[in-house]
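This report refers to the structure that appears directly beneath it.
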Amino acid sequence: MGGNSPCASCKLLRRRCAKDCIFAPYFPSDDPHKFAIVHKVFGASNVSKMLQELPVQQRADAVSSLVYEANARVRDPVYGCVGAISFLQNQVSQLQMQLAVAQAEILCIQMQQEPMVPTPQLDQLEDDKSFLLQHNLLPHHHQYLNFANSSTNVIQDSLKRESIFGDMVS
């Protein structure tokens, strides 16, 4: 800034703000807390070195990231912004699980409301399986023929599990 009002960093460090001050464009005098927190976490010298190594067009984004990380470090000195990211990832996982449970409940309700469609008898499935295996029509995929027998149990078992809300899903 040089001249009128020193930037926040020069004010905090109690030095004269030169015209080519590397902090002036990113730490204006009307927002002293922004530099104070970055200085407290990273140190003015380190921030100055980081900014000098970056191209001018990337410096504003770097300062924004430094301010965010410094605020996160003050709130959580051990994990910083990684703690916030981890918390949000866990929250997304829980919400995805709740969504899956809700979708399964909807499917179960829809299945209960639809009229029953006759399914092939178990003997007929076994006959079909024998025919396909005898004629080598499914030499490597015969394990998939057992899907019809177990799929109903899998759906019912998964719906019996306890939901996120603590009540039993039936």
Side-chain angles (χ1 to χ4, degrees), residues 1-114 140-141 143-144 147 150-170:
M1 293 237 149
N4 295 347
S5 176
C7 67
S9 65
C10 292
K11 229 184 225 182
L12 184 74
L13 299 172
R14 295 185 180 160
R15 62 180 187 197
R16 190 178 65 79
C17 191
K19 285 187 179 188
D20 61 345
C21 177
I22 192 149
F23 297 119
Y26 314 106
F27 299 103
S29 60
D30 62 346
D31 194 5
H33 179 70
K34 186 176 173 181
F35 179 76
I37 197 162
V38 169
H39 172 60
K40 179 180 179 181
V41 173
F42 298 107
S45 178
N46 290 330
V47 174
S48 174
K49 288 175 192 174
M50 282 188 253
L51 291 176
Q52 286 173 349
E53 290 178 10
L54 288 173
V56 176
Q57 64 270 20
Q58 293 179 349
R59 290 179 183 175
D61 290 336
V63 168
S64 177
S65 294
L66 288 170
V67 171
Y68 182 82
E69 177 65 29
N71 280 314
R73 284 281 167 193
V74 167
R75 282 192 310 275
D76 185 352
V78 176
Y79 296 108
C81 68
V82 172
I85 291 168
S86 178
F87 172 78
L88 292 172
Q89 285 175 334
N90 286 336
Q91 196 172 20
V92 167
S93 293
Q94 288 176 351
L95 291 171
Q96 286 174 334
M97 196 163 51
Q98 288 176 6
L99 178 61
V101 168
Q103 288 172 334
E105 289 172 354
I106 289 169
L107 181 63
C108 184
I109 291 168
Q110 287 174 343
M111 288 174 55
Q112 289 173 354
Q113 291 176 350
E114 290 179 8
H140 301 292
H141 304 298
Q143 69 270 17
Y144 298 118
F147 177 76
S150 63
S151 63
T152 307
N153 294 337
V154 170
I155 291 172
Q156 289 174 351
D157 289 347
S158 65
L159 292 176
K160 288 181 184 175
R161 292 194 182 123
E162 192 171 334
S163 75
I164 301 298
F165 304 109
D167 51 341
M168 289 299 287
V169 178
S170 53

Spacing of NZ belonging to Lys11 relative to CZ belonging to Phe27, to within rounding of 0.5 Å:
14.5 Å
In Å and rounded to the nearest 0.5 Å, what is the SG to CG distance from Cys7 to Leu13?
8.0 Å
Sequence neighbours excluded, which residues qualify as side chain to side chain contact (heavy atoms under 4.5 Å, CB included) partners of Leu99?
Gln103
OG (Ser9) and NZ (Lys34) are apart, to the nearest 0.5 Å, by 11.5 Å
Donor-acceptor check, side chain of Asp76 to backbone of Ala72, threshold 3.5 angstrom: yes or no?
no
Would you name the heavy atoms of Cys21 and Cys17 that are closest together and state the gap between them?
CB-SG, 3.8 Å
Determine whether a donor-acceptor pair (N or O, by modelled atom type, separation under 3.5 Å) exists between the side chain of Ser86 and the backbone of Val82.
no
In this structure, CD of Gln113 is separated from CE of Met111 (nearest 0.5 Å) by 12.0 Å
Is His39 close to Leu12 at the side-chain level, that is, under 4.5 Å between some pair of heavy atoms?
yes
Atom pair OG/CD of Ser48 and Gln52 - distance to nearest 0.5 Å
4.0 Å
For residues 53-70, which side-chain donor-acceptor pairs fall under 3.5 Å, sequence neighbours excluded?
residue : atom : partner : partner atom : Å
Arg59   : NE   : Leu51   : O            : 2.7
Arg59   : NE   : Leu54   : O            : 3.2
Arg59   : NH2  : Leu51   : O            : 3.3
Arg59   : NH2  : Leu54   : O            : 3.3
Ser65   : OG   : Asp61   : O            : 3.2
Glu69   : OE2  : Arg73   : NE           : 2.8

Not counting sequence neighbours, which residues clear ring-ring contact (aromatic ring centres under 6.0 Å, His included) with Tyr26? List them please.
none
Looking only at non-hydrogen atoms, find the nearest pair between Ser5 and Ser29 and report the distance.
OG-OG, 3.3 Å
